[in-house]
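All chains are named by letter (A, B, ...) in the order of the sequence lines, taking the proteins before the strands, and each is independently numbered beginning at 1.
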Amino acid sequence: MTTQADTPHILRPAGEIKLETRRLALFYNEFRALKDISVAFPARRITALIGPSGCGKSSFLRCLNRMNDLIDGARVEGEVLLDGTDIYHSEIDIPLLRRRVGMVFQQPNPFPMTVYDNVAYGPRLHRAPGRADLDEIVERSLRSAALWDEVKDKLHQSALDLSGGQQQRLCIARVLAVEPEVVLMDEPCSALDPTATFRIEELMLELVERYTIVIVTHNMYQASRVSHYAGFFLMGELIEYGETVQIFESPKDRRTDDYVRGRFG
Amino acid sequence: MRRTRQAFDEQLEQLEQRLLEMGEFVEAMLEKSVRALTSHDVELAREVIAADDVADEMDISIEQQCMRLLALQQPMSRDLRTIGTVMKVISDVERIGDYSVDIGRTAIRLADTEYFKPLVDIPKMAELVRTMLRQALEALVARDLEIVFRVVELDDKVDRMWYRLQEELEHIMEQRPEVVRQAVPLLLVARYLERVADHSVNIAERVAYMETGRLETLAASHRADYQPEGNQPAERPEAKPE
């Protein structure tokens with residue numbers, strides 16, 4: 001483990017790096033929402049991004065699969081490297097990128113269609129598999145999202161009839177159906193009760209054997225429970241990044257210390 | 001959020017305050033036990049023995065408060081380290097109370113015998129050890145690493161006194177076997193005091209952890225590879241009172 005010389009509180013994890021930003025900055029017109037963020041996410045690990053509201057952590061997450069492209073006036077500087085290739089390069093295939101780097105949102109957002117069609121939506125769009133293949137993909141994805149047993153008898157009912165926790169796992173299944181490499185999660189449990197939250201956290205620990213996960217969370221205890229690495233954002237800057245136990249037991253930066261001890265806000 | 005944080009801060013402060021009170025209480029036990037020994041004061045010795053129940057109660061009640069804060073506040077960072085430190089430190093302080101009781105019992109046992117020589121080194125050692133305990137707790141409250149290192153330095157001094165006293169008493173016992181029944185208990189008292197010094201170093205090390213987040217063995221004599229100065233006897237089996 002080494003830290004970068006100019007940013008002593010930003011750890012560079014050892015081992016395979018799946019996704020990495022270099023001097024990333026984000027502007028909304030003249031407003032600079034993110035400043036010079038260089039951080040590396042290790043493969044098949046969960047990294048949690050924490051910080052007070054408006055600190056830029058969700059904006060940062062959206063830079064990682066170019067979701068900010070959809071916002072008028074948004075402009076990105078610096079690099080985001082997925083397996084070493086800059087995703088902001090002009091020849092990047094953006095739909096393919098978003099398949100490789102999937103996103104789960106704060107509010108479960110199933111499409112107003114059946115459970116089956118929700119999961120089948122992505123595969124149909126990307127490569128139009130046959131019926132038997134599609135059945136298999138749907139089942140496998142729902143199993144991976146720990147939802148299969150609960151919905152196998154209502155695959156052709158509306159997804160909107162599921163509970164909030166089930167809807168969120170359905171959204172995760174929908175992401176998994178297109179075989180991503182990275183899963184970004186933007187406060188995936190903030191609309192869920194403790195039991196549903198617990199199931200998502202368990203699911204994350206299963207998924208991380210195959211996927212690289214980056215999660216934005218307001219819940220510090222969630223970050224401390226599930227993540228291997230954690231980064232603290234404040235006013236558009238990454239203040240500290242390190243192993244989760246270090247961030248929560250003995251943070252190096254005073255501001256991180258204040259935040260994890262509940263001294264902000 | 002601000003109000004709950006303030007309440008938590010007050011509870012943490014109270015926790016340290018109670019630890020400090022326990023430390024002062026036990027330090028007084030230690031002082032009385034050595035005074036009882038030197039002045040053949042059985043009453044005072046009995047007072048020390050009775051005080052142990054109070055020290056034990058303080059230990060339990062502070063630990064309960066720590067557990068409650070861990071459960072209800074789910075502390076992080078510095079707060080977590082503080083509570084973890086208090087939980088460890090009360091065990092050290094409680095143990096020092098036990099050693100004071102042992103010294104008190106020795107005082108009762110030797111109350112009717114004239115000492116074969118005036119007790120000089122033991123009170124001197126006790127004074128040093130009490131200073132270490134007081135400073136270690138002071139360091140904790142003041143978050144002062146300077147004091148931590150002073151405690152560690154004093155421990156070397158106590159160790160040297162212990163080795164010297166051990167040699168001296170061994171020599172006397174060889175020359176005058178009739179004093180063995182007195183010399184052995186006094187040797188144990190010196191050992192108890194040396195152990196109190198070690199517990200004070202433990203406390204000081206916890207203060208360093210609380211401040212820096214790093215857990216380290218600061219005193220040379222507490223490391224596995226330590227060789228005492230000169231031709232001192234190597235590790236002796238530790239006297240296990242009670």
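Among the candidates A:V260, A:I247, A:T256, the residue making the largest number of heavy-atom pairs closer than 4.5 Å to chain B is A:V260.
Counting non-hydrogen atoms of other residues, nucleotides and ligands closer than 6.0 Å to OH of A:Y28 gives a total above 12. By the neighbour-count criterion of 12 heavy atoms within 6.0 Å, atom CD of B:Q74 is densely surrounded, having more than that number from other residues, nucleotides or ligands.
For the atom pair CZ (A:R254) and OG (B:S77), the distance works out to 8.5 Å, reported to the nearest 0.5 Å. The distance from atom CZ of A:R263 to atom CG of B:D9, rounded to the nearest 0.5 Å, is 4.5 Å. Taking CE from B:M76 and OH from A:Y259, the interatomic distance works out to 10.0 Å, rounded to the nearest 0.5 Å.
Between B:R5 and A:R261, some side-chain heavy-atom pair lies under the 4.5 Å cut-off.
The part of B:Y209 that comes within reach of chain A is its side chain, from C-beta onward, which places non-hydrogen atoms under 4.5 angstrom from that chain. Only the side chain of A:S224 comes within contact range of chain B, judged by heavy atoms closer than 4.5 Å. Heavy-atom distances place the side chain of B:R81, and not its backbone, under 4.5 Å from chain A.
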